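When a residue number appears, it is its place in the shown sequence, counting from 1. Just so you know, these numbers use all the heavy atoms, side chains as well, and skip hydrogens, waters and symmetry mates. Bear in mind that the values here come from a model prediction, so they are computed numbers and not experimental data.
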Amino acid sequence: MAGLTGPRASTDRTKRVASVPCHSTTGIYDSEPQILGGPCLRIDNPICTLVRCEEKLFLAIGSVNDLSFGPDTVDEISLELLADSVAKVSFQIMCLVRTTVEDDPSERHDWCWSRHMDRTYSDVPGRLVQPLNPTLSARAPGKPTYLFESSELLSYAAALLEQLLPEDLGDIPNAMRTDRFPYRFQGKACFLCEHDTNGRQIEPGPQNCCVKCNPPVPLDIKQGQRVLEHCAAHILHDPSVNRMDELCGLCLRPAPMCTFYLRKSNGGVQIDWYKSTCLYKINFQYAVAASSSSGSPCSNVPLICKECGMKKPAVWRYNLSAHFRKFHRLSDPKSWPMDVTITDAEMDGLENI
């Protein structure tokens with residue numbers, strides 16, 4: 001099969017990873033001629049991907065254990081074929097720690113592989129994996145390691161998040177928190193993949209609190225309409241919010257971390273929680289929430305985008321303008337297929353909230 005090579009005989013992967021046998025000091029591509037004649041992802045190569053831990057996405061650095069393309073186990077996959085739907089990557093998380101002067105006398109890199117490994121993940125879609133080209137340090141005889149810079153790791157995280165599609169969410173590996181992952185610095189979890197790059201405390205915080213309020217404001221998830229109003233007030237009036245992030249109307253996480261699908265219900269529509277994903281499962285009366293009133297000014301509910309259709313996730317009403325501009329490249333409001341008008345009364349009411 002074009003772009004692929006057949007199965008290998010050796011299965012002693014732990015020893016191969018520990019000795020880093022196939023890498024030069026310049027990165028993932030060695031001087032040995034490639035079988036395919038072009039850039040390939042190979043066994044033992046370092047990669048990065050997103051891993052879900054406690055309902056948040058974190059950047060993970062891994063070492064490739066296995067590769068498959070359809071029914072075939074292979075030694076390498078051309079990077080051009082990595083995004084194919086049948087390309088699968090199995091990897092083991094590499095544990096990263098902060099560097100010392102002994103690790104990197106130049107002090108240019110601030111993270112390094114500790115040579116320890118964490119959990120293994122199998123058959124992750126190749127489209128969710130990005131090959132890496134890290135610096136290889138061989139200062140310790142017989143103990144080579146990889147060096148990383150925070151700025152580069154943050155760039156990888158941002159790129160992976162930007163490329164993530166709603167349909168990819170179900171394929172992201174899930175991880176239990178361990179003492180080695182997510183990566184930590186001064187007690188904080190590092191490389192949290194959201195549209196801000198601030199570290200967050202790894203210890204659990206107060207439950208059901210607004211992620212934007214400081215100090216945290218508890219949300220009564222039994223009062224769905226109140227949660228919608230609180231989040232809507234942030235979306236429309238919080239200067240720290242980037243409207244182009246398309247924040248979830250129930251938990252304020254950026255798209256595509258939450259997805260919502262609708263179903264018919266008693267002549268109307270309701271959220272299909274069987275298909276939908278969100279940090280909170282909050283029930284509310286859809287028809288009531290969709291209409292603004294003096295007592296309840298918010299009308300932010302998920303709607304079916306007429307450009308996307310029923311098969312794609314719904315879009316929150318207050319995100320439609322950003323959605324049309326970002327995903328459909330419709331910059332002129334006159335070309336939008338749906339009305340996104342927010343009345344002055346609605347804006348004022350939410351500003352008071």
Side-chain angles (χ1 to χ4, degrees), residues 52-57 166 169 174 177 189 192-196 198 200-243 245-266 268-303 313-320 322 342-353:
R52 182 183 289 107
C53 181
E54 297 181 355
E55 297 302 324
K56 294 181 175 62
L57 299 182
L169 291 176
N174 289 292
R177 179 167 31 127
L192 173 65
C193 296
E194 54 182 15
H195 288 274
D196 65 75
N198 295 323
R200 299 295 180 89
Q201 293 287 348
I202 191 63
E203 297 305 324
Q207 295 296 308
N208 302 331
C209 284
C210 174
V211 298
K212 295 295 181 182
C213 287
N214 188 18
V217 172
L219 301 175
D220 186 354
I221 61 174
K222 295 181 180 180
Q223 299 292 326
Q225 192 63 34
R226 302 290 83 81
V227 175
L228 287 170
E229 293 171 357
H230 182 97
C231 293
H234 276 291
I235 292 172
L236 295 183
H237 296 290
D238 187 341
S240 69
V241 165
N242 183 354
R243 294 284 299 280
D245 288 347
E246 296 192 40
L247 302 186
C248 172
L250 291 177
C251 72
L252 293 175
R253 294 191 301 176
M257 295 184 72
C258 299
T259 57
F260 292 87
Y261 292 86
L262 303 181
R263 62 179 177 84
K264 294 182 179 179
S265 175
N266 297 326
V269 295
Q270 189 56 270
I271 292 178
D272 187 343
W273 283 109
Y274 181 77
K275 296 181 179 180
S276 303
T277 60
C278 180
L279 186 62
Y280 303 134
K281 182 177 180 180
I282 301 176
N283 293 315
F284 58 88
Q285 294 184 340
Y286 186 94
V288 174
S291 299
S292 177
S293 65
S294 58
S296 180
C298 175
S299 66
N300 192 32
V301 293
L303 299 173
V315 181
W316 289 88
R317 183 192 296 276
Y318 292 169
N319 293 334
L320 279 171
I342 303 175
T343 66
D344 291 340
E346 193 168 350
M347 292 288 290
D348 293 342
L350 289 170
E351 185 173 15
N352 291 334
I353 290 176

How long is the span from the CG atom in D238 to the SG atom in C210, to the nearest 0.5 Å? 8.5 Å
Contact summary for G249 and W316, nearest pair of heavy atoms: N-CE2, 3.3 Å
Partners of R226 by salt bridge (Lys or Arg N to Asp or Glu O under 4.0 Å), sequence neighbours excluded? E229
Which pair of non-hydrogen atoms, one from L247 and one from I235, has the smallest distance, and what is that distance? O-CD1, 4.0 Å
Shortest non-hydrogen pair, T259 vs L169, comes out as CG2-CD1, 3.4 Å
Return yes if a side-chain donor-acceptor contact under 3.5 Å exists between N174 and R52, otherwise no. yes
Can you tell me if N352 has over 12 outside heavy atoms packed within less than 6.0 Å of its CG? yes
Looking only at heavy atoms, what is the nearest atom pair of C248 and C278, with distance? SG-SG, 3.7 Å
Just how far is it from atom OG of S292 to atom CE of M347, taken to the nearest 0.5 Å? 11.5 Å
Could you go through the side-chain contact (heavy atoms from CB on, under 4.5 Å) check for I271 and L262 one step at a time? CA-CA 5 Å; I271 292 178; L262 303 181; 4.2 Å; yes
Rounded to the nearest 0.5 Å, what separates atom NE2 in H230 from atom CG in L250? 12.0 Å
Which atom names give the shortest non-hydrogen contact between P297 and Y318, and what distance separates them? O-OH, 4.2 Å
Where do S296 and Q225 come nearest, in terms of heavy atoms and distance? OG-NE2, 2.9 Å
